[in-house]
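Some notes on the structure that comes next.
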Amino acid sequence: MNQTRVRFAPSPTGAPHVGNIRTALFDYLWARHTGPSGKFILRIEDTDQAREVENGLELILDSLRYLGLQWDEGPDVGGAFGPYRQSERLHIYKEHAERLIAQGNAYYCYCTAERLDQMRKDQQARGLPTRYDYHCRDLSAADRAAHERAGDPRVVRLAVPREGKTTLPDFIHGDLTIDNSQVDDQVLLKSDGFPTYHLAVVVDDHLMQISHVIRGDDWIPSFPKHVLLYQAFGWEIPPHGHVPNVLGNDKKKLSKRHGSTSVTQFRDDGYLPEAMLNFLALMGWAYDDKTELFTRDQLIANFTLDKIGHAPAVFDPAKLEWMNGVYIRELADDDLATRLQPYIPQADPATLRALAPFVKTRIKKLSEIVAIADFLFEEDLEYDPQLLIGKGMDAASTSAALRAASATLEKYPEGAFDDEEKIEAELRADAEKLGQKNAQFFGALRVAVTGKMVTPPLMGVMRIMGREKTLRRIARALQLVQ
RNA sequence: GCCGCAUUCGUCUAGUGGACUAGGACGCCGCCCUCUCAAGGCGGAGACCAGGGGUUCGAAUCCCCUAUGCGGCACCA
């Protein structure tokens, strides 16, 4: 019984963006879909010291944790196939590279960076494809020995067959095939002793007994190198699937240019993990023609490889917002209040909890709580007095409205102040008596009490704010309007 | 330049030869509700299925060509 073992193998070069994590999500869902024996493995591809970012690992772990993509094996939790950091597996790659040399599937190359640069320039100038020119592949034994004696730095290159074709069955695209003549003699082991991606993935995927390789389709061009390596080692090639990329609105691969696309940024803006998870799953995967709201468990239950699409998907922030709103509305009030707290630390929990039901249908991300409700948690309001005077109103009618409202509200002592229905009825009667439309009357009152023109329902707001503060603010507004 | 992958409403997508006068969702527009804004309800516009050739009684669905987009062409991943 082959168990499912899939890996997410990012390199710590920055904050993972939604495209990276979408691929991780597919890995995770597939592992979990296959039941308790399915393993989701995190492997860090830190073989490029130059591009590495200080807190790169943390950014990856944070992103995965945010979405609850819990890994079964990885650098921090260990596992039977460690280490899970490629920089700690250097000796393994070296051994394998040497084995390829011994078998004649690879060779040492002593070319300098300068020579390679020049070679590429020449090829470009002549309109030729830029590929290694086999210089060291054809080196005589004597030349080779000379380089060794001189202690010249060397790399290991894959000796790609110059004829024939290489094919990789892909469970998303079907068979991928390319002429070997198009494949470069890739460097496998760099002069600093680190492997390149190509050597490292193949060796690790095999050694870690990865059962399915799921990766972005920007890797398609390098599949022949990997196939050739598997063949040289005499290993079985696990099923591969190149999942479509996630694109920015300009249809280009997602990058920092597209604004905030890092997953942790979405977390910080107040996108719920359950919404993010749901939305990301729909980038390149669809269950049917109708369903698009899925809980984590439903995703796991329904996720299958054959439903992964093959065209790249444009990331649509507007739809994500909508979906986040859906999930926010579904939250229990207590839960919402708890999640809101970090975004508005000065709010006392009881007030926030009381506010939750009002805010629920009005925010699309948690961070919006500040714009919509900060007035509740401030002592003094700052606003343009002009706002008090609404459409078809003037200073006199506004004052009249505020005075009437104040008079009515004053009649309700502390204990009775939360009788929204009764108060509302009476205020409406006030408006009618003044010959004002509800919108005019309540508009003035709204600005007086909140300093804003757009707020949650006024009665609820005044109840939550309390009698004393409400009356004080109306009095203040009355001064401003005169 | 070379090689590869892709191509259904603006966007995410359903669709695997007849059930398609192409379905759903976001967004957009209108109406209803209404103390504002949302949410909610109802309705609407929006895709000649990239184009052209075939195959077939019949094609969004199969084949070929072209176009366009994207990706790769490093001692990056």
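- H242(A) comes within 4.0 angstrom of no nucleic acid atom, judged by non-hydrogen atoms across all strands.
- Summarising the geometry, the separation between CG on D205(A) and P on A77(B) is reported as 14 Å, rounded to the nearest angstrom.
- Taking the six-membered ring for Trp and the full ring otherwise, the centers of Y271(A) and Y327(A) sit at least 6.0 Å from each other.
- Looking at D46(A) and F194(A), their side chains never come closer than 4.5 Å, going by heavy atoms from C-beta outward.
- Residue P195(A) is in sugar-phosphate contact alone, with no base atom involved, counting any heavy-atom pair closer than 4.0 Å across all strands shown.
- Backbone-only contact: R329(A) has heavy atoms under 4.0 Å from sugar-phosphate atoms and none from a base.
- R120(A) comes within contact range of the sugar-phosphate backbone alone, with a heavy-atom separation under 4.0 Å but no base atom that close.
- Taking only side-chain atoms of H173(A), from C-beta outward, the nucleotide of C76(B), C2(B), A6(B) with the closest atom is A6(B).
- Which of U13(B), C76(B), G23(B) sits closest to the side chain of K290(A) comes down to G23(B).
- Within the cation-pi definition used here (under 6.0 Å to the ring centroid, within 45° of the axis), R162(A) qualifies as a partner of Y134(A).
- Within 3.5 Å, a donor on the side chain of R362(A) pairs with an acceptor on the base of C37(B), or the reverse.
- Using a 4.0 Å heavy-atom criterion, one finds that L189(A) contacts no nucleic acid atom at all.
- Taking the six-membered ring for Trp and the full ring otherwise, F315(A) and F279(A) have centroids separated by under 6.0 Å.
- G10(B) is paired with C26(B) under the Watson-Crick or G-U wobble criterion, all donor-acceptor distances under 3.5 Å.
- When Watson-Crick and G-U wobble pairs are counted only if both distances are under 3.5 Å, U36(B) pairs with no nucleotide at all.
- Look at K121(A) and D117(A) and you find no salt bridge, because none of the NZ, NE, NH1 or NH2 atoms lies under 4.0 Å from a carboxylate O.
- For I220(A), counting side-chain heavy atoms from C-beta on, the closest listed nucleotide (C5(B), C75(B), A6(B)) is C5(B).
- L445(A) has its CG atom 16 Å from the C1' atom of C37(B), to the nearest Å.
- Side-chain proximity of D289(A) to G71(B), A38(B), A14(B): nearest is A14(B).
- Within 4.0 Å (heavy atoms only), V314(A) reaches sugar-phosphate atoms of the nucleic acid but no base atom.
- Taking atom CG of N249(A) as the reference point, atom P of C12(B) lies 11 Å away to the nearest angstrom.
- Rounded to whole Å, the distance from CG on L282(A) to C1' on A25(B) is 9 Å.
- Between T291(A) and P312(A), the residue whose closest nucleotide on RNA chain B is further toward the 5' end is P312(A).
- For W71(A) and Y84(A), the ring centers are positioned 6.0 Å apart or more.
- Between the base of A77(B) and the side chain of S11(A) there is no donor-acceptor pair shorter than 3.5 Å.
- Remark: K190(A) is in phosphate contact with A77(B), judged by side-chain N or O atoms under 4.0 Å from OP1 or OP2.
- Looking at heavy-atom distances under 4.0 Å, G284(A) makes contact with sugar-phosphate atoms alone, never a base.
- Look at A45(B): it lacks any Watson-Crick or wobble partner with both distances under 3.5 angstrom.
- Pairing for G69(B) is with C5(B), a Watson-Crick or G-U wobble pair whose two hydrogen-bonding atom distances lie under 3.5 Å.
- Residue V155(A) places its side chain closer to C75(B) than to any other of C75(B), A6(B), C26(B).
- Taking only side-chain atoms of A311(A), from C-beta outward, the nucleotide of A77(B), U7(B), U36(B) with the closest atom is U7(B).
- Spacing between atom NZ of K251(A) and atom C1' of A50(B) amounts to 11 Å, rounded to whole angstrom units.
- Using modelled atom types, one finds a donor on one side chain and an acceptor on the other under 3.5 Å when comparing T166(A) with N180(A).
- Contact annotation for C111(A): base contact, defined as any heavy-atom pair under 4.0 Å involving a base atom.
- Residue Q123(A) is classed as having no contact, given no heavy-atom separation below 4.0 Å to the nucleic acid.
- Spacing between atom CG of D133(A) and atom P of C2(B) amounts to 21 Å, rounded to whole angstrom units.
- Distances were taken from every side-chain heavy atom of D48(A) (C-beta onward) to each of A25(B), C76(B), U36(B); the shortest belongs to C76(B).
- Electrostatic pairing of R296(A) and E274(A) does not count as a salt bridge here, judged by no charged N lying under 4.0 Å from a carboxylate O.
- For the pair R51(A) and K252(A), nearest-nucleotide mapping onto RNA chain B gives the more 5' position to K252(A).
- Closest to the side chain of Y197(A), from the set C12(B), A74(B), A77(B), is A77(B).
- As judged by a 4.0 angstrom heavy-atom cut-off over every strand, M323(A) is placed among residues making no nucleic acid contact.
- Within 4.0 Å of P10(A), counting heavy atoms only, lies no atom of the nucleic acid at all.
- Contacts of K360(A) with the nucleic acid, taken as non-hydrogen atoms under 4.0 Å apart, are absent.
- Remark: P of G72(B) and CZ of R131(A) are 17 Å apart, rounded to the nearest angstrom.
- Taking atom CD of residue E52(A) and atom P of nucleotide C76(B), one finds them 13 Å apart after rounding to whole Å.
- The base-pairing partner of C57(B), taking Watson-Crick or G-U wobble contacts with both distances under 3.5 Å, is G18(B).
- Looking at heavy-atom distances under 4.0 Å, I178(A) makes contact with sugar-phosphate atoms alone, never a base.
- With hydrogens and angles ignored, a donor-acceptor pair closer than 3.5 Å exists between the side chain of S191(A) and the base of C75(B).
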